[in-house]
Colleague: 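Got a structure for you, written out below as structure tokens; questions coming shortly.
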Protein chains: 2
Amino acid sequence: MGISNDAVEIRTQGWRRLAALHGLIETGLEKELQTAHKLSVVEFTVLDALSRQDGWHMRMQQLARAAALSSSATTRLVTRLEDRGLLTRILCADDRRGIYTELTPAGLQLLTLARPTHDRVLEESLTEAEKIPELKTLVSALHLTQINPI
Amino acid sequence: MGISNDAVEIRTQGWRRLAALHGLIETGLEKELQTAHKLSVVEFTVLDALSRQDGWHMRMQQLARAAALSSSATTRLVTRLEDRGLLTRILCADDRRGIYTELTPAGLQLLTLARPTHDRVLEESLTEAEKIPELKTLVSALHLTQINPI
DNA sequence: TCGTTCTCGTTGCATGTGCAACTAGTGCAC
DNA sequence: GTGCACTAGTTGCACATGCAACGAGAACGA
């Protein structure tokens, strides 16, 4: 396939593989996080993002970006987690439009329980993906990603 | 923090970046394919997968795998596209449980129209992503992916 | 001060999704 | 043949999502 060295074709194939790998990992995580901790992947992502934040609080829009979600979805996601007592809404003092979401002790505890599951499934999924020829290269590339300061 | 914790951290970070890049690309594609051709990303993916198949037909389960969708979602997706005249269901002669989905001329035509949009947005999204430090490495890795025969 | 414009977060609504239960058909054991 | 387990695809249902419209507050200019 000499002609398919075309840049468009390379990009398309890269995207297909990226999507495939993403789907593989997400589906695995979704199932196990759900059954073991009653958490969806985005819910875990939000709790995890909060725990990595100084003071454990973030604004709605930051959260939306971190979870790759629309603001309306973020509103309802936060409401869900708040109803379960995993985080709380706190009004901004300086900008009264804004709302901080803060991890509660219960939220941190659940996150601590869920992390091992998350890490294990992630490792298993990557191992699984490495057996698929089209995905092997991409998985290695993921490993090689250097750790940057954010 | 031992060595194994580092491995966990590297995987987690890789996964976050993969998810971020995936979200970036998918959101962009979703918007433009929707407004320009009234196609969602999965719908495009299905049409594209069919067009790459010899004889332009696939079984439901193949389609489900190609689109990373559940079988029920695939059923309704195919129904949607069938209602628009973009593909047709054909009963398998040899296995009467099975159903082939086949691209119609109209489906192929729409796909031909949509592909340039898809390719353009994909390129733009990748260029965009390259400007984000955390994603730069991953984007380059995507480019480097060699083309394997499937 | 008032009015305009922008940003932040929430809500009504339509829609796409996964799970579980179901029907139809296949394949195997006996 | 008859029963039994398995696979392929569809449907009821609950639910998470995005878009558009909205209210509330901030920022700015005249």
Side-chain angles (χ1 to χ4, degrees), chain A residues 19 22-36 38-47 57-84 87-102, chain B residues 19 22-36 38-47 57-84 87-102:
Chain A
H22 181 270
L24 185 79
I25 297 173
E26 178 155 72
T27 305
L29 283 176
E30 192 73 47
K31 278 184 187 144
E32 300 230 21
L33 283 177
Q34 194 60 250
T35 61
K38 304 219 178 305
L39 278 177
S40 70
V41 177
V42 267
E43 286 166 350
F44 177 89
T45 303
V46 162
L47 295 183
H57 66 279
M58 290 172 82
R59 291 184 64 149
M60 298 295 286
Q61 297 238 343
Q62 287 181 271
L63 233 47
R65 245 180 290 118
L69 239 47
S70 71
S71 52
S72 63
T74 307
T75 292
R76 290 179 245 251
L77 175 55
V78 166
T79 303
R80 247 165 21 234
L81 296 176
E82 191 180 25
D83 289 345
R84 288 174 63 183
L87 53 77
T88 52
R89 279 181 165 90
I90 299 180
L91 298 176
C92 287
D94 50 324
D95 183 349
R96 289 194 302 176
R97 292 168 301 182
I99 292 186
Y100 285 118
T101 51
E102 196 169 299
Chain B
H22 181 270
L24 185 78
I25 297 174
E26 178 155 72
T27 305
L29 282 175
E30 192 71 48
K31 278 184 187 146
E32 300 229 20
L33 284 177
Q34 195 59 251
T35 61
K38 305 222 179 300
L39 279 177
S40 69
V41 176
V42 267
E43 286 167 351
F44 177 90
T45 303
V46 163
L47 295 182
H57 65 281
M58 289 172 84
R59 291 185 63 150
M60 298 294 286
Q61 298 239 342
Q62 286 181 273
L63 234 46
R65 246 179 290 117
L69 238 48
S70 71
S71 53
S72 63
T74 307
T75 292
R76 291 178 244 248
L77 175 55
V78 166
T79 303
R80 264 188 336 260
L81 295 176
E82 192 180 25
D83 289 346
R84 288 173 64 182
L87 52 77
T88 52
R89 278 180 165 93
I90 300 179
L91 299 176
C92 287
D94 50 325
D95 183 348
R96 290 193 301 177
R97 292 169 302 182
I99 292 186
Y100 284 118
T101 50
E102 197 170 298

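In what follows, chains are A, B, ... by sequence order, proteins preceding strands, each numbered from 1.
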Colleague: Going by heavy atoms in the side chains, are B/R84 and B/L39 under 4.5 Å from each other?
Modeller: yes
Colleague: Side chains of B/E43 and B/L77: does their closest heavy-atom pair fall under 4.5 Å?
Modeller: yes
Colleague: B/L91 has an atom CG; how far is it from atom P of C/dA24, in whole Å?
Modeller: 15 Å
Colleague: Report the nucleotide, chosen from C/dT11, D/dT11, C/dG16, that has the shortest atom-to-atom distance to any side-chain atom of A/T75.
Modeller: C/dT11
Colleague: Distance criterion of 3.5 Å, no angle test: do you see the side chain of B/R76 paired donor-to-acceptor with the base of D/dG12?
Modeller: yes
Colleague: Mapping A/R96 and A/L69 to their closest nucleotides on DNA chain D, which lands nearer the 5' end?
Modeller: A/L69
Colleague: Starting at the 5' end of DNA chain D and moving along, which residue's nearest nucleotide shows up first, A/S71 or B/C92?
Modeller: B/C92
Colleague: As a test of reading the structure: which of C/dT10, D/dC19, C/dC19 is closest to the side chain of A/K31, going by heavy atoms?
Modeller: C/dC19
Colleague: If only side-chain N and O atoms of B/R89 are considered, is one of them under 4.0 Å from the OP1 or OP2 phosphate oxygen of D/dT10?
Modeller: yes
Colleague: Atom CG in B/L63, atom CG in B/L87: separation rounded to 0.5 Å?
Modeller: 8.0 Å
Colleague: The side chain of A/D95 lies closest to which of these nucleotides: C/dG16, D/dA26, D/dG12?
Modeller: D/dA26
Colleague: Tell me the interatomic distance from A/L77, atom CG, to C/dT11, atom P, rounded to whole angstroms.
Modeller: 15 Å
Colleague: Would you indicate which nucleotide in C/dT10, D/dT11, C/dT26 comes nearest to any side-chain atom of A/I99?
Modeller: C/dT10
Colleague: Pick one: which of A/H57, A/M58, A/R89 meets side-chain contact (heavy atoms from CB on, under 4.5 Å) with A/I99?
Modeller: A/R89
Colleague: Is there, by distance only and without an angle test, a donor paired with an acceptor across the side chain of B/S72 and the base of C/dC19 below 3.5 Å?
Modeller: yes
Colleague: A/L63 CG to D/dT17 C1': how many Å, rounded?
Modeller: 16 Å
Colleague: Which comes earlier along DNA chain C counting from the 5' end, the contact point of A/A73 or that of A/R97, where each point is its nearest nucleotide?
Modeller: A/R97
Colleague: For A/Q61, answer base if it contacts any base atom (sugar-phosphate contacts may also be present), sugar-phosphate if it contacts only those atoms, and nothing otherwise; contact means non-hydrogen atoms under 4.0 Å.
Modeller: sugar-phosphate
Colleague: Which nucleotide in the list C/dG9, C/dT11, C/dT17 gets nearest to the side chain of A/R59?
Modeller: C/dG9
Colleague: Could you work out which one of D/dA26, D/dG18, D/dG9 sits closest to the side chain of B/M60?
Modeller: D/dG9
Colleague: Heavy atoms, side chains only, cut-off 4.5 Å: are A/H22 and B/E26 in contact?
Modeller: no
